[in-house]
There are 2 protein chains.
Amino acid sequence: MLEAKLAEAAILKRLLDAIKELVADANFECNEEGIHLQAMDNSHVALVSVKLDESGFKSYRCDRPMPLGVNLNSLTKVLKCAKDDDLCILKATDDADILSLTYEARNSDRIAEYDMKLMDIDSDKLGIPDTDYDARVTMPSVEFGRIVRDLSQLGESVRIEVSKEGVRFFTEGEAANGNILLKQTEAVGKVTTNGSASGSQKKKAKKEDGEDNDDDDDVQEVEKDGDEEDEDEDGDKKKVKKEKKKKVKKEGEDVEMDDDEDAEFKADEEEGEEEVDDEEESSSKKRKRAPAKDTKKKSKKAKKSDDDDELPEGIRIEMNQHVNLTFSLKYLVNFAKSSSLSNIVQLMLSNDVPLLVSYEFGQGHIRYYLAPKIGDE
Amino acid sequence: MLEAKLAEAAILKRLLDAIKELVADANFECNEEGIHLQAMDNSHVALVSVKLDESGFKSYRCDRPMPLGVNLNSLTKVLKCAKDDDLCILKATDDADILSLTYEARNSDRIAEYDMKLMDIDSDKLGIPDTDYDARVTMPSVEFGRIVRDLSQLGESVRIEVSKEGVRFFTEGEAANGNILLKQTEAVGKVTTNGSASGSQKKKAKKEDGEDNDDDDDVQEVEKDGDEEDEDEDGDKKKVKKEKKKKVKKEGEDVEMDDDEDAEFKADEEEGEEEVDDEEESSSKKRKRAPAKDTKKKSKKAKKSDDDDELPEGIRIEMNQHVNLTFSLKYLVNFAKSSSLSNIVQLMLSNDVPLLVSYEFGQGHIRYYLAPKIGDE
DNA sequence: CTCTGAGTAC
DNA sequence: GTACTCAGAG
């Protein structure tokens with residue numbers, strides 16, 4: 001049987017919000033390591049992979065591997081009945097025909113239990129080959145969402161090109177064509193959070209810093225001014241100041257997102273790692289609408305703690321080789337719904353192979369794979 | 001003629017928001033006791049009863065009983081022209097073909113007057129039998145709203161069962177079944193306000209006093225712990241003390257909700273009553289979410305003052321006998337719109353008789369009656 | 001007092 | 001599904 005206790009129902013709610021439009025039914029594969037879901041989208045064009053690590057649960061027990069065939073629409077309805085801060089307990093018996101969700105209010109004076117019928121789903125689970133991507137772009141998830149939403153108003157697809165110059169998103173539409181260039185955020189003098197990759201960055205990734213987001217990041221005391229040419233400087237500035245207390249991330253290097261990718265970009269991962277100090281709290285609160293910035297610190301914070309922060313800001317571009325690929329914007333817009341799960345998104349690209357869009361959060365990750373369009377389709 | 005001055009137009013606005021979806025036209029029956037409205041909903045399934053007590057007005061005069069036939073849609077439009085804190089004066093001449101609404105800004109620098117045509121409505125006013133209900137559940141109105149909204153996503157109807165365990169709401173739906181259990185809030189050490197009902201409670205109602213509400217009731221200095229199990233005495237206690245200045249209701253006992261129900265739970269009514277002293281103001285602001293307790297004492301402040309709070313928290317369950325009834329969620333969701341009128345809602349149930357959902361507020365009350373579903377309809 | 005989020009209505 | 005209104009939080 002399965003009995004998994006999640007500290008906050010909000011995680012599951014956001015996860016379902018992120019994938020319910022893409023996939024109708026899916027198997028939640030539960031085993032001693034945690035819960036994994038992998039599914040093709042309804043039109044069999046994109047692939048979604050979600051992992052909730054056993055360590056991300058308040059308590060977790062799964063005696064034997066079991067696939068729970070869930071209708072995501074039903075699960076979404078059931079999850080709407082949970083308050084964000086409810087304790088959420090998932091239970092299934094070995095016959096796996098019912099998934100029970102129990103929500104317990106903080107004060108325990110209210111306990112709600114929902115039983116959802118499960119279904120048999122043949123999982124054609126495809127293995128995902130490990131790929132050494134030629135380029136990786138790490139950016140605030142809200143910024144990625146903004147870009148694809150903006151461009152989707154003009155055209156159907158976007159060409160993403162990563163070059164020494166940075167990463168460029170091109171769209172051609174009837175009304176207008178558009179292209180957005182993101183340059184790597186300049187490493188701030190010091191404290192910059194996103195700074196560059198540490199040593200491992202092999203290639204020639206460049207990191208200028210463009211963004212002019214408002215950022216509120218957490219940069220520390222350092223101050224960087226960025227006025228270089230156009231954009232950006234202010235973005236950084238502001239961030240600099242805010243960070244008073246944080247101690248920042250620097251050291252964490254590898255912990256973060258190493259799972260799939262490997263050596264190639266491994267070094268960068270650290271960003272996610274940073275932990276905040278204890279007191280943090282600081283100002284990180286606002287991430288709202290600023291274009292790029294955010295601050296929120298919450299994202300990854302480490303896989304294990306409950307909440308995590310990340311470096312809220314900045315764009316990092318790492319590349320081994322120039323890549324130029326075209327994707328359907330419709331899917332990317334859907335992927336971007338995961339912004340509520342992490343402040344950071346990573347785009348992994350190699351010519352002629354599917355794009356990987358990855359969001360890491362405290363309890364696990366959600367990854368999307370999308371094959372490039374070929375020719376002018 | 002009628003001339004009634006209401007301290008805040010907001011009360012009327014909220015009242016109309018609460019019933020305008022349920023009823024299209026209704027008679028406002030005005031007499032020397034106040035204004036009363038009673039109407040079946042458009043599909044003749046539910047009954048709404050609203051009472052604005054004469055004492056709840058800043059000034060009130062009604063020379064002779066007169067029914068004012070109002071189109072609630074029109075009245076809603078007119079009320080949207082008032083600011084929440086405007087003084088609102090209702091006037092009608094004896095021929096009752098026009099209702100005049102005058103809004104006066106706090107500082108009197110703005111006076112608006114609207115005249116609305118009235119209509120003849122045959123009121124088939126049914127008497128509402130006094131019922132001694134077998135169970136009464138008192139809970140935060142927002143929580144009730146949340147529960148019925150949640151469950152309405154899963155199914156069409158809800159079975160409400162009150163037992164020694166607490167109150168449980170069950171729904172069966174295609175996607176999932178759900179049940180929510182509310183246990184009586186644990187009585188807090190002393191001060192617990194809710195105490196029990198006073199003497200009148202005839203049956204074997206039990207009143208634990210669980211509530212941990214913050215109650216701010218008005219309990220005075222006394223402290224009651226209410227733990228005995230059942231009964232009531234405290235109910236009276238509390239009211240007794242509170243009354244400092246207000247003339248109020250104490251005496252009014254009957255005033256409260258007695259209309260329909262009576263003896264059964266009458267005692268409890270007082271809760272609503274308590275007034276606060278003058279200084280109130282106090283902290284009453286927060287009644288929000290604390291689970292159960294909080295201390296805040298402010299609550300009701302009195303009917304007359306502008307706002308009333310109630311004990312902001314906690315769930316109280318009183319029952320003479322196990323009840324188990326099924327209702328249409330659609331109506332309950334509509335009833336729950338009255339949450340803006342009171343922080344507290346009471347559900348009165350007896351097997352095979354209509355459910356009474358009651359919201360008491362400083363100036364009066366709004367009550368909904370809904371017949372249970374029979375069998376598996 | 002302003003902003004953000006949720007709920008309700010069209 | 002989109003827009004508007006109301007309520008709660010910062």
Side-chain angles (χ1 to χ4, degrees), chain A residues 8-10 13-14 16-17 20-21 73 76-77 79-86 106 142 145-146 149 152-153 214 216 242 280-291 293-298 330 333-334 337 339-340 343, chain B residues 8-24 41-42 72-86 106 140-153 283-291 294 296 306-309 312-313 329-345 359 361:
Chain A
E8 297 193 330
K13 296 176 75 164
R14 294 193 205 119
L16 267 290
D17 281 345
K20 67 167 193 283
E21 297 298 324
N73 213 348
T76 299
K77 283 183 181 171
L79 285 169
K80 287 214 197 281
C81 300
K83 295 176 73 171
D84 277 3
D85 60 350
D86 280 351
R106 282 295 176 85
V142 295
R146 175 70 197 246
R149 262 183 283 111
S152 70
Q153 295 198 119
D214 336 314
D216 15 16
K242 26 215 36 209
E280 72 304 46
E281 277 298 282
S282 51
S283 54
S284 47
K285 242 46 179 317
K286 65 272 293 343
R287 59 325 217 352
K288 262 53 176 328
R289 44 146 7 138
K293 55 303 315 24
D294 42 29
T295 325
K296 207 98 257 290
K297 54 205 36 215
K298 104 174 348 120
K330 170 184 155 198
V333 167
N334 251 310
K337 289 182 181 162
S339 296
S340 57
N343 295 317
Chain B
E8 298 192 328
I11 304 293
L12 265 185
K13 297 176 72 165
R14 293 191 205 123
L15 212 39
L16 268 289
D17 282 344
I19 63 176
K20 68 166 195 284
E21 297 297 324
L22 228 36
V23 181
D41 86 290
N42 298 331
L72 299 188
N73 212 352
S74 301
L75 180 55
T76 299
K77 285 181 182 169
V78 172
L79 284 169
K80 288 214 202 277
C81 302
K83 295 180 67 176
D84 278 3
D85 60 351
D86 280 352
R106 280 294 177 87
S141 55
V142 293
E143 176 143 32
F144 175 64
R146 173 73 200 242
I147 289 169
V148 296
R149 261 184 284 112
D150 280 354
L151 296 183
S152 71
Q153 293 196 125
S283 53
S284 46
K285 242 43 180 318
K286 62 252 312 325
R287 55 327 222 355
K288 263 56 172 330
R289 44 144 7 133
D294 9 254
K296 328 346 266 318
D306 22 7
D307 59 66
D308 24 280
D309 291 46
E313 195 26 46
L329 279 163
K330 171 184 155 197
Y331 288 96
L332 298 182
V333 167
N334 251 310
F335 299 168
K337 289 180 183 163
S338 291
S339 297
S340 57
L341 287 160
S342 173
N343 296 317
I344 298 291
V345 62
Y359 296 83
F361 49 94

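All chains are named by letter (A, B, ...) in the order of the sequence lines, taking the proteins before the strands, and each is independently numbered beginning at 1.
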_Rounded distance in Å - CG (B/N73) to C1' (C/dT8)_ = 15 Å
*First locate atom NZ of B/K77, then atom CG of B/L72, and finally report the distance between them rounded to the nearest 0.5 Å.*
12.5 Å
*Go through the structure and list residues passing side chain to side chain contact (heavy atoms under 4.5 Å, CB included) with A/K330, not counting sequence neighbours.*
A/S328
*B/N343 CG - D/dG8 P separation (whole Å)*: 9 Å
*Within this structure, what is the CG-to-C1' distance between A/D85 and C/dG5, rounded to whole angstrom?*
15 Å
_Gap between atoms CZ and C1', on B/R149 and C/dA9 respectively (whole Å)_ = 15 Å
Write down the protein N/O and nucleotide N/O pairs, taken from nucleotides 5-7 of chain D, whose separation is under 3.5 Å; answer none if there are no such pairs.
none

*Please give, in whole Å, the distance from C/dT8 P to B/E21 CD?*
10 Å
*Do side-chain atoms of B/S141 reach the backbone of B/S342 as a donor and acceptor pair under 3.5 angstrom?*
yes
*Distance, rounded to the nearest Å, where B/K77 contributes NZ and C/dC10 contributes C1'*: 14 Å
*Tell me: NZ of B/K20 to P of C/dG7, nearest whole Å?*
17 Å
*Any chance you could measure B/L16, atom CG, to B/L79, atom CG, to the nearest 0.5 Å?*
5.0 Å
_When you compare the side chain of B/L15 with that of B/F361, does any pair of heavy atoms fall below 4.5 Å?_
yes
*asked:* Suppose the criterion is salt bridge (charged side-chain N to carboxylate O under 4.0 Å, His left out): which pairs have a residue in residues 10-20 of chain B, not counting sequence neighbours?
replied: B/K13-B/D84, B/D17-B/K20
